[in-house]
Amino acid sequence: MDEKYFAKKIEQKWQRKWAESGAFEVEIEPADGRPKFYQLEMLPYPSGNLHMGHVRNYSAGDALAWYKRLRGFNVLHPIGWDSFGQPAEDAAVKRGVNPRDWTEENIKVMRGQLERLGLSYDWRRQMYAHTPEYYKFDQWFFLKMFEMGLAYKRLTQVNWCEHDQATLSNEQASGGLCWRCGNPVTKKDLEQWFLKTTAYTDQLLEDMAEIEADWPAHVLKRQSDWIGRSEGAFVDFKIRIATGQLSQLPVGAPEKIRVFTTRIDTIYGANAVVVAAEHPIIAAHRATLSPKVVEKVDLIAAENLKPKERDAEIEKDGIDTGLKVINPFSGEPLPVWVGNYVMMDYGTGAVMSVPAHDERDFEFAKKFGLPIRQVISEPHMEHAHHTMQVLALEQAFTDYGVLVHSDYWNGKTSDDAKVQMTDWAVKHGFGEAATTYRLRDWGISRQRFWGSPIPIVYCDDCGVVPEKFENLPIRLPENAPITGTGESPLAKVPEFYETTCPECHGPAKRETDTMDTFVDSSWYFFRYTDPGNEILPFDPETAAYWTPVDQYIGGDDHAVMHLIYTRFWAKVMRDMGLVTIDEPVKRLLTQGMVVGETFFDDSTGKRVYHLPDNVTVTRDAKGKITGAVSKDGMPLKFGIERMSKSKGNGVDPDEMVEIYGADAARIFVMFAAPIENELVWNEAGIEGAVRFLQRVWRLIFRWQSALASERLADSDVTESLASRKLRQKTHQTIKRVGDSFDSLQFNTPVAALMELSNAVYDIGVEPENANATEVAAVREAVTALTLMLTPFAPHASEELYSVLVGNDNGMLANGARFPEYSEELARADEIEIPVQVNGKLRSRVMAGPETPNEELERMALADEKTREYTDGKEIVKVIVVPKRLVNIVVR
RNA sequence: GCACGCGUGGCCAAAUCGGCAAAGGCACCUGUCUUAGAAACAGGAAAGUGGGAGUUCGAAUCUCCCCGCGUGUACCA
């Protein structure tokens, strides 16, 4: 054992040993019957560099993987690559590189970074989304879903960047601006393939019950908000045809307008039906509508295509179309308006406007001077409302209440009325109960090269024809003209798209769009269980052993994307008989972002980041930035943003590993903040992590020979107080650390281990002079310390463990286990019971841990110091908290 | 606007159920060793928990109001 801790030396040693022995390679059903544990972290996109967010994510996952191994589980801990995606194409456009070469080079670099961190993966199981062996099964799933009616094609509006001529996902169009060029995003009609996520809305909601306890509440809340289930009713408003003017209704035009409402109880307050500019009724009547109306409708429709400002409140706009409908409840004729606040893609694209009881309708009515009629009353106001015809409302009354001015329904509560009025509508054939959702089907078509080709063929004779399973994979060509103009590069590669029809074998064309890369990540962790399977995505039995994932860790930015898609995918796989589980992930941990200070200039409309080193920063007393000036004297804006290379606020994990070692870097990242918090990067603390490791190292070095010499327990030697206290601390720490892991806390166990190491130093005996019980206590403490440190600092721990056991086969080969906690030993022989008088601490008494309450009370009352405060006073009552404290209330 | 979350030494943070005089680390100060050190060791100083009110024998912890910060979301009928 070296006198000093040399991180690099031992890290290289153990990384080599782990690799050689295949320490983390696992198989199903080991002979010893250990239970399985599937530890998973979100797979990285191979951008070329690991960032601190990855280090945080993977350090936490690795800690749990080690913890579970030491707890005797058969732990599957894999890693792979989300290696399809746009950055590879950007690199192709910018630098003319081949996306595949670029991607694979990045993977090589990043794998090296992961290995230098000493992460305990079963590397044999790596998956790469961009290999035909993997994306073959994206296509396989697509075909299966096509068979099941879960994949279909339709025309839709997609986010579109005019400048780049590119389709954008919602994220890439976030804030209404294109993430690449900063120009506003518009909408564009495009034919897209969809996966029918909406077929699973209710299951996605209901199955949350299964995972509720072990998923962060905010993730599930965001998912249910996203799904946006809303219960209400459809109500049909008939178009009124003026007498003798039947011909006014254009041929084929709908006879009624169906609205969706959650508040059918307010229907007597409707003053209009408002439809979206894109509503079919408008198109049907376009020829007869006044030019003014048509102009307005077109204007609103055009506005709808434009990007929305992030925070801008859009002013209500609209126009009376001149059409009339009949309120089916009251028989009252109502005007049909077009309103810019009604969206075609939610509900039916038409609403009944009830200004008295809906804020938007209220605002609309105010602006256009439409009547506002209150039909729901606060219960205590009911009488007043019946007698007074009109009450001027200051704002919409949106609460439930009692119906007024609603004919037959007067006096009913909103709750009752909703049910009964819906029934009435059903009975009279003009409505029905309805549930609508905000969730849409998942549009997966991308006009990109670097993705899995959609296995569909278009034949002039047979139409849309799915590829045959035996023809998979449909391989990407080696090269395609990637120009970044937003047209499918594959559409310019005749060798790719020219094919024959799988049905009639006549000439046909392939689909040239590729799949959204979220398809790859929807099922990748099932592939890990059986990565070499050529027939199926994975063997169902193999997957049944390993899945569901026991613990998943990743950023919560995926809450409504990846995490909802993968839940959807699991249900589809269940329905196709591949799996039997409803939920793919048992327990989820979302870690906070690692962020750093950024400095930028956005005067040109685009953010230009400046490296922190080149910025002069002024700070207030608390260290908050108050100003920043660039090298050439230009004032800069500043913020705290996710770390990344391009913003110049990144920290290179390799550099940290080089300077401090992987173990120290990992300890620091785990210790710096609770895992779910945002971590504002501040490197100051990392020295502490190194120092801690050095302390542990020196500790074992100092005690090494004393521990090795089997100083037998001399029966004469009674256990010293020092060793008793150390054992107590050791066992308390074992409990704390174990509990922390179980509750997914990583910062507190590190603190506990620091305390334990301090406690060993504090034993107050030199190794040479220690008696047998003290040596035993130290041995127990440092062994436990080493084992418990393993999840955070596996290299150093392996090395220290090898010193303690006298071989360097490694912990797993030695069958090492997480130390066992003994309640007996953790318990203090005597505990200090604080004694309060009127809630203020006045004294302490010593008592055995099992002292009954009555005895504690007696001791407290008898205590001298306490009596100074109680003598001569009336004791009102005494509160004894078992094993904790005594409080005497006096008057 | 709405929803959710957070506010504890200079900084990061800990504190099952409400229960001691509020952990640990970083930074800081002093001393020892001393060739010196940002090393190591020993020791020290430092917060009554954003503000106010309430509940309670007892509040960082529960309730209400206010202030500040963060995240998500936005005309979803």
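Below, chains carry the letters A, B, ... as their sequence lines are ordered, and counting in each starts from 1.
The same atom, P, is picked in B/A15 and in B/G7; the two are 11 Å apart, to the nearest Å.
Under the 6.0 Å cut-off for aromatic ring centres, A/F792 and A/F671 do not qualify, their centroids lying 6.0 Å or more apart. For A/F668 and A/W681, the ring centers are positioned less than 6.0 Å apart.
Distances from the side chain of A/K221 to the nucleotides B/A3, B/G24, B/A77 place B/A3 closest. Ranking B/A3, B/A23, B/C20 by closeness to the A/E755 side chain, first place goes to B/A23. Distance from the side chain of A/T748 is smallest for B/A14 among the nucleotides B/C17, B/C75, B/A14.
The CD-P distance, from A/E676 to B/C12, rounds to 16 Å in whole Å. A/L679 has its CG atom 19 Å from the P atom of B/G25, to the nearest Å. As a whole-Å value, the separation of A/F792 CZ from B/G24 P is 18 Å. Taking atom CE of residue A/M754 and atom C1' of nucleotide B/A14, one finds them 13 Å apart after rounding to whole Å. Atom pair A/N887:CG and B/A21:P shows a separation of 10 Å (rounding to whole Å applied). Per the geometry, CZ belonging to A/R736 stands 9 Å off P belonging to B/A15, to the nearest Å. Spacing between atom CG of A/D361 and atom C1' of B/A77 amounts to 7 Å, rounded to whole angstrom units.
A sub-4.0 Å separation between OP1 or OP2 of B/G5 and a side-chain N or O of A/N677 is absent.
Listed by chain and residue number, A/S230, A/F260 satisfy the side chain to side chain contact (heavy atoms under 4.5 Å, CB included) test with A/T262 (two or more places apart in sequence, or in another chain). Contacts of A/E766 classified as salt bridge (charged side-chain N to carboxylate O under 4.0 Å, His left out), with partners at least two apart in sequence or in another chain: A/R702.
Pair assignment for B/C64 gives B/G52, based on Watson-Crick or G-U wobble hydrogen-bonding distances that are each under 3.5 Å. In this structure, B/A3 forms a base pair with B/U71, meeting either the Watson-Crick or the G-U wobble geometry with both donor-acceptor distances under 3.5 Å. Figure legend. B/U35 is base-paired to no nucleotide; pairs are counted as Watson-Crick or G-U wobble with both atom distances under 3.5 Å. Nucleotide B/G18 has no partner under the Watson-Crick or G-U criteria, as no pair reaches both atom distances under 3.5 Å. The base-pairing partner of B/G43, taking Watson-Crick or G-U wobble contacts with both distances under 3.5 Å, is B/C29.
Between A/D202 and A/R229 there is a salt bridge, with a side-chain nitrogen of the basic residue lying less than 4.0 Å from a carboxylate oxygen of the acidic one.
A/R438 contributes no side-chain N or O that forms a donor-acceptor pair with the base of B/A77 under 3.5 Å.
Ring orientation note: the planes of A/Y5 and A/W697 are tilted relative to one another, at an angle of 30° to 60°.
Checked against A/F364 for a side chain to side chain contact (heavy atoms under 4.5 Å, CB included), the options A/D317, A/L370, A/N271 give a single hit: A/L370.
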Notebook entry, point to check: When you check every protein heavy atom under 4.0 Å of nucleotides 34-43 of chain B, what one-letter string (B, S, -) results, 5' to 3'?
Noted result: ------SS--
